[in-house]
Amino acid sequence: MNLLLTVTHGVLVLTLPIVLVGLVNRSKSWWAGRKGPRLLQSAYDLWRLLGKRPIISTVASPLFRMSAYVVLVCALAAASMVPMLGQFAPVQFSHDFIVVAYTLGLARIALMLAAMDVGSAFEGMGAAREASFSAYAEPALFLLIGAAGAATGMTSFADLIGQLHRTPYFLIIVVPLVLALLILLQTEAARVPVDDPMTHLELTMIHEVMILDHSGPELAAMQYAAALKMSLYAGLIAALINPVDPQVAPVAAIAVSLGLMLLVALGVGCIESLTARLPMRWVTRYVLIGSGAALLSMVVVGLGASGL
């Protein structure tokens, strides 16, 4: 049973980034009344980039080329510890969520160092914005984990997310926790209203401006890693809501989680179609909403545990 779940988890990690990005783009096209790109268009784009020779700035150090693969490897490592199918992750141990958070943090540092390595003012500006907004996003993640840990008493990421629906607080805190995860998805994966992956105006970019000098396989690695982070947060939302225990009914748990992740992608596409990107000065306030929602959940759990 664990073998089935592990293989399924691995397949989803490798394929979902392409499918979810395609679904987001197709849903945006539906709202705009266009046919839009093919569902697997991003796979063709990645394949095309893999066949190109990268162009490297004359002032770039070896760190620049290495950073793209550090970002990708860190995203894949974090994916092995993130529960996407409910109460299961291929790599699971006590307090593994700390490793997940700082593995993604290492990827962020590598991305920012690569942006500053080429000496571009635009990329340095994007790195500064990334550092600023991530400082507001990290508290939301740890407050969310703290609320789930306090409610369940578990210490591993898969257990505290997968067993949350069995607690008496679930119906009260599920909405703010899902809201916090959705805002984290938009922040970490550079989606509207925090960022816009389709923009061509450098002054408004955050993630895209940091990878302007990347090309070929390095650009493919950066794009795939960003899509993978969206898949991870979509998987966390699915695991939080999924009531089916993967150890008892693995096929049903896989089907429910997959359906929920596809619904999250559709929701992200609808949000991007119906809302405009926030002005830069409002982004920090928007990200703080996620921290506030997670803090509210922690307060509810704390009051419930104290008997109030």
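Reckoned from all heavy atoms, side chains included, excluding hydrogens, waters and symmetry mates.
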Exercise. What's the verdict on side-chain contact (heavy atoms from CB on, under 4.5 Å) for Q87 and I161, showing C-alpha distance, side-chain angles and the deciding distance?
Worked result: CA-CA 7 Å; Q87 192 181 341; I161 293 294; over 6 Å; no
Problem set entry | Candidate pair F64 and H214, rule side-chain contact (heavy atoms from CB on, under 4.5 Å), full reasoning | CA-CA 9 Å; F64 177 78; H214 287 87; 3.5 Å; yes
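- Donor-acceptor pairing under 3.5 Å is lacking for the side chains of T167 and T152.
- The only member of L274, T275, V24, V268 that meets side-chain contact (heavy atoms from CB on, under 4.5 Å) when paired with V192 is T275.
- Remark: side-chain polar atoms of H165 are not paired, donor with acceptor, to backbone N or O of V244 under 3.5 angstrom.
- Annotation: the span from M280 atom CE to L278 atom CG amounts to 10.0 Å, rounded to 0.5 Å.
- Counting heavy atoms from C-beta on, the side chains of M210 and F122 never come closer than 4.5 Å.
- Minimum interatomic distance between T155 and L160 (heavy atoms only, all atoms of both residues): C-CD2, 4.4 Å.
- Residues P193 and A276 share a closest heavy-atom pair of CB-O, 3.7 Å.
- A search for salt bridge (Lys or Arg N to Asp or Glu O under 4.0 Å) contacts involving D196 returns nothing, not counting sequence neighbours.
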For this session: Output, in order, the C-alpha distance, side-chain angles, deciding distance and verdict of salt bridge (charged side-chain N to carboxylate O under 4.0 Å, His left out) for D245 and R166.
Result: CA-CA 11 Å; D245 188 344; R166 300 175 184 173; 3.1 Å; yes
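- Between T187 and D195, the closest side-chain pair of non-hydrogen atoms is not below 4.5 Å.
- Counted by atom type alone, D159 and Q92 present one or more donor-acceptor pairs between their side chains at under 3.5 Å.
- The pair R108-E138 meets the salt-bridge criterion, with a side-chain N (NZ, NE, NH1 or NH2) lying under 4.0 Å from an Asp/Glu carboxylate O.
- Among residues two or more places apart in sequence or in another chain, the salt bridge (Lys or Arg N to Asp or Glu O under 4.0 Å) test is passed with R26 by none.
- Proximity of a side-chain donor or acceptor of S297 to a complementary backbone N or O of A293 within less than 3.5 Å is detected.
- The local environment of CZ in F93 is crowded, with over 12 non-hydrogen atoms from other residues, nucleotides or ligands closer than 6.0 Å.
- Under the salt bridge (Lys or Arg N to Asp or Glu O under 4.0 Å) criterion, R38 pairs with no residue at all, not counting sequence neighbours.
- Side-chain contact between Y136 and V283 is absent, with no heavy atoms from C-beta onward closer than 4.5 Å.
- Partner M84 forms a side-chain contact (heavy atoms from CB on, under 4.5 Å) with one of L258, V13, L260 and no other, that one being V13.
- Relative orientation of the F97 and F157 rings is perpendicular, given thresholds of 30° and 60° on the angle between their planes.
- Between Q186 and Y286, the side chains place a donor N or O and an acceptor N or O closer than 3.5 Å (distance only, hydrogens not considered).
- Between the side chain of D213 and the main chain of S57, no donor-acceptor pair closer than 3.5 Å is present.
- The nearest pair of heavy atoms linking F142 to A101 is CZ-CB, 3.5 Å.
- Under the 3.5 Å distance criterion, the side-chain polar atoms of D117 are left unmatched by any main-chain donor or acceptor of A60.
- For S80 (side chain) and A77 (main-chain N/O), a donor-acceptor pair under 3.5 Å exists by modelled atom type.
- A donor atom on one side chain and an acceptor atom on the other are not found under 3.5 Å apart for D96 and S156.
- A distance-only check finds no donor-acceptor pair linking the side chain of S132 to the backbone of A128 [under 3.5 Å].
- Atoms CG and CG, on L39 and N25 in that order, are 9.5 Å from each other to the nearest 0.5 Å.
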Problem set entry | Chi angles and distances behind the side-chain contact (heavy atoms from CB on, under 4.5 Å) call for L141, L104 | CA-CA 12 Å; L141 178 61; L104 294 175; 5.7 Å; no
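- The backbone N or O of V256 sits nowhere less than 3.5 Å from a side-chain atom of N242 that would complete a donor-acceptor pair.
- Minimum heavy-atom separation, M261 to G235: SD-CA, 3.6 Å.
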